[in-house]
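Order of the sequence lines fixes the chain letters, A, B, ..., with proteins taken first and strands second; residue numbering starts at 1 for each chain.
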Amino acid sequence: MKALMFGWEFPPHISGGLGTACYGLTKALMKHDVEIIFVVPKAYGDEETESIRLVDASDVVIDIKDEKFREMISKLSYLEIDSTLIPYADDEEYFRITEQLSKGVKAEQLSIKTQKYSFQGGYGKNLMEEVKRYALVGAEVARQHQFDIIHSHDWLTYMAGAEAKRISGKPLVVHMHATEFDRSGESVNQLVYDIERAGMEAADIVVAVSHLTRNVVINRYGIAPEKVITVHNGVEPASTNQFVDAEKKVDEKIVTFLGRITFQKGPEYFIEAAHKVLKRDPNVRFVMAGSGDLLPKMIRRVASLGIATKFHFTGFLKGDDVDKMFGMSDVYVMPSVSEPFGISPLEAMRSNVPVIISKQSGVAEVLKYAIKIDFWDIDAMADAIYGLLHYNSLPEMFKQYGKEEVESIKWDQAGKKVKDIYENLLS
Amino acid sequence: MKSICLYFQIHQPFRLRNYRFFDIGHKHDYFDDYANRFFMQQVAEKSYLPANKLLLDMIKKHGKKFRVSFSISGSALEQFELYTPEVLKSFQELAQTGCVEFLAETYSHSLASLKSPEEFARQVKKHSSRIEQLFGQKPKAFRNTELVYSDDIGKLVYDMGYQTMITEGAKHVLGWKSPNFLYCSASNPRLKLLMRNFQMSDDLAFRFSEKRWSEWPLTADKYLGWINAMKDNEEVVNIFLNYETFGEYQWAETGIFAFLKAFAGKLIAEAKHQFKTVSEVSKSLQPVSGLHVPYPISWADEERDLTAWLGNELQKEAFDKLYLIEEKLKTSSDSQLEHEWEKLQTSDHFNFMSTKWFSDGMVFRTINPFNSPYDAFINYMNVISDFTIRVEKASEGKEVEMPTPAKKTRAVSKTASTKEKLTKTPANTKVTATKSKAKTK
């Protein structure tokens, strides 16, 4: 069985959750004897296209010298598409090209005006152009290769997947790692929403990374429930040197928030809960690690509550600093307003830190050794923090079983489930 | 002829409200009155009232031939009085028929037998006198919370004057032996033991309405047929159930009430077997063998052990903290605090903290107000933290007035307002002496 996969990034150049998930899933599928052609766009020699990566790269580092990774790469048909190969096309031209491609005309034979474009970051107009251009690539790749099934990861690649399906007639699976509602709250970008919806409608099966995401897909995109299947993400096994037992320089217990400081991550609820805890117990310090558009507002809030001597901002942390932060923490809190899956609590648990997570996160569906609260329920959040700091048997229990639990959440199961989906579609 | 022993357990806990850490030190109302009223009224309507009516009708119809045994926890009795006095009245009507036996147990459905012999004895006494007050009979047989039993507990119970106790017919205790005989404690042969036939009991409690069960639908004829098919020499069938089986675990729509009516009617009409209460079984049969039970057993889960209440670290910490304040509490001799402490001892609080994720299919559960065992634990610990502060304050006051503190002697803890008097405590229990008697007068 051979799958044609469209992603937007792949190790070693990844910016976060999506790349990691694609890597884990691809590896697991290959273990279950699925061959994979993985398509990612890559614009080299062109700094502007580099900024297509929406989030800071290097959030997640995967060692490309790693034997297993190399072995995998050697088996994988990995296509990097030169962005300038098929240039920007406007809607009319786009349609003309795909029409010709579907009739068997090769891309090289098409006469297309090469046109340089500038990329503005975010969801600017040019990203849409890039998405369309990528769709053309999809059609071309579909024409040139043999495969049984198409699998597209997140909205950026849905058009490519749909084009590949149109050209090849093979079944399409689209994978929802995050919805537009997760990224933007209620102020959704209509264009993105439309692409997501069209992609899911064109698909034979929609894979959602959690039941939470599945419900959004069904209720907010109107996709038929019977074709939406939940496949929870797995976790990459920890590399051996990951655990850092950082020496703590303060006597107080430390409660940590680590993530982008944006609406989606719910930082303000963490601050309000911290305030409640500090009123009763001055022997605690709170840390907010990360950066984001809400950072200035959060700093102002902490100052106005008068807790700034006990509440600290570190700015963006990476690499070893993240591990050190976990090493110093007594409690980790993820109060996300909306989190399709959420990998960071698993990293905390792997570092023996007890976690409090919001019920509005997909990862809450797979974890047992974690306290789950509603993101808005600051009383419950404060109570959970206080409980973990004062009633010893609870953090002890989490430390004892949490690590084991995280290690049992494997990509292998996810791979098996996706393969079953493929087989059902093909039978 | 076999004896058929129907025994029903009635208990409702005083559930705790959401008690946050910032309440510690200034709010002392721990219990969720609204929820407790709601659950009690609901279960009364669905189960207790219709079941009592059915039993009363059957006793009227069959006379003395239909007999049942009950144990009602003190916390259920208190909630009847608070929320559903009509339920209490209907139990009193049943008591007047002379066909119903009431068993003794701990007042607040506690696990004190595992931790504090002194508190265990105090609660049993309190419960017994309450039963006598309400139902006009002094309990002669004993059932411990969740049918928890061990050799040590058996000894405590016997020393309190009981000669009959009921417990679970746990496989790992009985081995090849049948639960359908009367047994006795091996270390204390005068204490007779009735062993629950969990097969026959759980057929009603858990499987009755289970359509995937190969015996569904279970009719009275079929059930009676199983009893008739038992070996002739087997003497007793102990069907011990939570009373909520009728109407709540098994809804009225499943036909559970009609089943009970038909089963009892046919059994009496056939006249091959007869209904007996716990004490009647104990009196009429001879124990066939002694049982050794070094480790406590219960009627919960597959394991029939204590792990539903004291299986994980959270439950153990909470349980330890609860009894850590016992000594100071007795020093304070504050009847209000003592009553609250009683309610905090109820076993359900610990069951709510259970992390036996996969094996809870078999445990008898009351409605759990908590989302997770962690919520239940944190909430309970917050309450205990506040309660401990109050107890410490109360006992400090007492110690200040006492010129000679910490003399080791028998505890004489008595207040003017408590109805029951504590005059006897195990001599080996060390308790700080107080002059509470003088103080409270």
Side-chain angles (χ1 to χ4, degrees), chain A residues 253 255 272-284 331-333 345 349 354-361 364-402 404-405 408, chain B residues 16-30 32 307-325 344 349-360 368-389:
Chain A
K253 302 252 181 167
V255 182
E272 300 306 323
H275 183 223
K276 289 200 173 235
V277 173
L278 284 168
K279 267 200 274 190
R280 167 133 211 131
D281 181 1
N283 254 343
V284 196
V331 177
Y332 176 77
V333 185
M349 287 166 77
V355 301
I356 299 166
I357 56 181
S358 77
K359 289 179 187 168
Q360 288 71 27
S361 68
E365 294 165 16
V366 297
L367 284 181
K368 289 197 300 253
Y369 291 100
I371 298 183
K372 299 163 195 175
I373 43 112
D374 285 304
F375 71 87
W376 45 261
D377 194 348
I378 49 174
D379 282 358
M381 195 186 301
D383 210 30
I385 292 169
Y386 185 88
L388 279 169
L389 296 179
H390 287 84
Y391 309 136
N392 286 336
S393 59
L394 189 57
E396 286 309 313
M397 174 188 257
F398 282 8
K399 281 179 204 167
Q400 191 180 345
Y401 301 108
E404 195 181 311
E405 178 172 39
S408 73
Chain B
L16 295 168
R17 72 170 176 92
N18 248 342
Y19 186 90
R20 303 295 190 194
F21 72 95
F22 39 75
D23 295 333
I24 298 172
H26 51 98
K27 284 189 185 163
H28 314 305
D29 54 323
Y30 307 142
D32 190 338
T307 50
W309 307 277
L310 298 172
N312 68 31
E313 296 82 346
L314 310 181
Q315 294 165 315
K316 285 173 192 159
E317 183 180 4
F319 197 61
D320 286 347
K321 293 275 151 66
L322 170 68
Y323 285 98
L324 206 61
I325 43 183
L344 295 175
H349 301 308
F350 301 95
N351 187 225
F352 297 153
M353 301 172 202
S354 173
T355 45
K356 295 179 76 181
W357 315 98
F358 302 113
S359 62
D360 51 8
N368 185 343
F370 295 100
N371 284 321
S372 80
Y374 316 126
D375 295 359
F377 169 76
I378 291 174
N379 204 68
Y380 189 83
M381 292 302 287
N382 288 344
V383 168
I384 286 289
S385 300
D386 181 71
F387 188 71
T388 303
I389 294 170

Practice problem: Side chain from CB out, backbone as N, CA, C, O: work out which of these in A:Ala382 comes under 4.5 Å of a heavy atom of chain B, or both, or neither. | Solution: both

Quiz item: Which answer fits A:Gln400, side chain, backbone, both or neither, if we ask what part of it has an atom under 4.5 Å from a heavy atom of chain B?
Solution: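 Just its side chain gets close to chain B.
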
Quiz item: Side chain, backbone, both or neither: which part of B:Phe377 has a non-hydrogen atom closer than 4.5 Å to chain A?
Solution: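 It is the side chain, since no backbone atom gets that close.
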
Self-check item: Under 4.5 Å from any heavy atom of chain A - which part of B:Tyr19
Solution: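 When you check distances to chain A, only backbone atoms of B:Tyr19 fall under 4.5 Å.
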
Quiz item: So do A:Lys372 and B:Asp375 actually touch side chain to side chain, heavy atoms under 4.5 Å?
Solution: no

Quiz item: Do the side chains of A:Asp379 and B:Asn18 get nearer than 4.5 Å, heavy atoms only?
Solution: no

Quiz prompt | side chain to side chain contact (heavy atoms under 4.5 Å, CB included), paired with B:Ile378, selected from A:Ile371, A:Ile385, A:Leu388 | solution = A:Ile371

Quiz prompt | Rounded distance (nearest 0.5 Å) linking atom CG of B:Leu314 with atom CG of A:Asn392 | solution = 11.5 Å

Quiz item: Does the side chain of B:Glu313 come under 3.5 Å of the side chain of A:Ser393 through a donor N or O and an acceptor N or O?
Solution: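 Checked: B:Glu313/A:Ser393 side chains show no N/O donor-acceptor pair below 3.5 Å.
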
Exercise. Check the side chains of A:Tyr391 and B:Ser385 for a donor-acceptor pair under 3.5 angstrom, ignoring hydrogens and angles.
Key: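 Yes, because at least one side-chain N or O of B:Ser385 sits under 3.5 Å from a partner of the opposite role on A:Tyr391.
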
Exercise. Mark yes or no for whether A:Asp383, through its side chain, and B:Arg20, through its backbone, hold a donor-acceptor pair below 3.5 Å.
Key: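 No; zero donor-acceptor contacts below 3.5 Å.
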
Practice problem: With A:Lys276 as the cation and B:Phe22 as the aromatic partner, state whether NZ or CZ is under 6.0 Å from the six-membered ring centre and within 45° of the axis. | Solution: yes

Quiz prompt | Atom NZ of A:Lys359 with >12 non-hydrogen neighbours under 6.0 angstrom | solution =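 Result for NZ/A:Lys359: enclosed.
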
Exercise. Show the numbers, then the answer: is there a side chain to side chain contact (heavy atoms under 4.5 Å, CB included) between A:Arg280 and B:Ile24?
Key: CA-CA 9 Å; A:Arg280 167 133 211 131; B:Ile24 298 172; 3.5 Å; yes

Quiz prompt | Parallel, tilted or perpendicular, as decided by the 30° and 60° cut-offs, for the rings of A:Phe398 and B:Tyr374 | solution = perpendicular

Self-check item: From CA spacing to verdict: side chain to side chain contact (heavy atoms under 4.5 Å, CB included), A:Lys368, B:Thr355
Solution: CA-CA 9 Å; A:Lys368 289 197 300 253; B:Thr355 45; over 6 Å; no

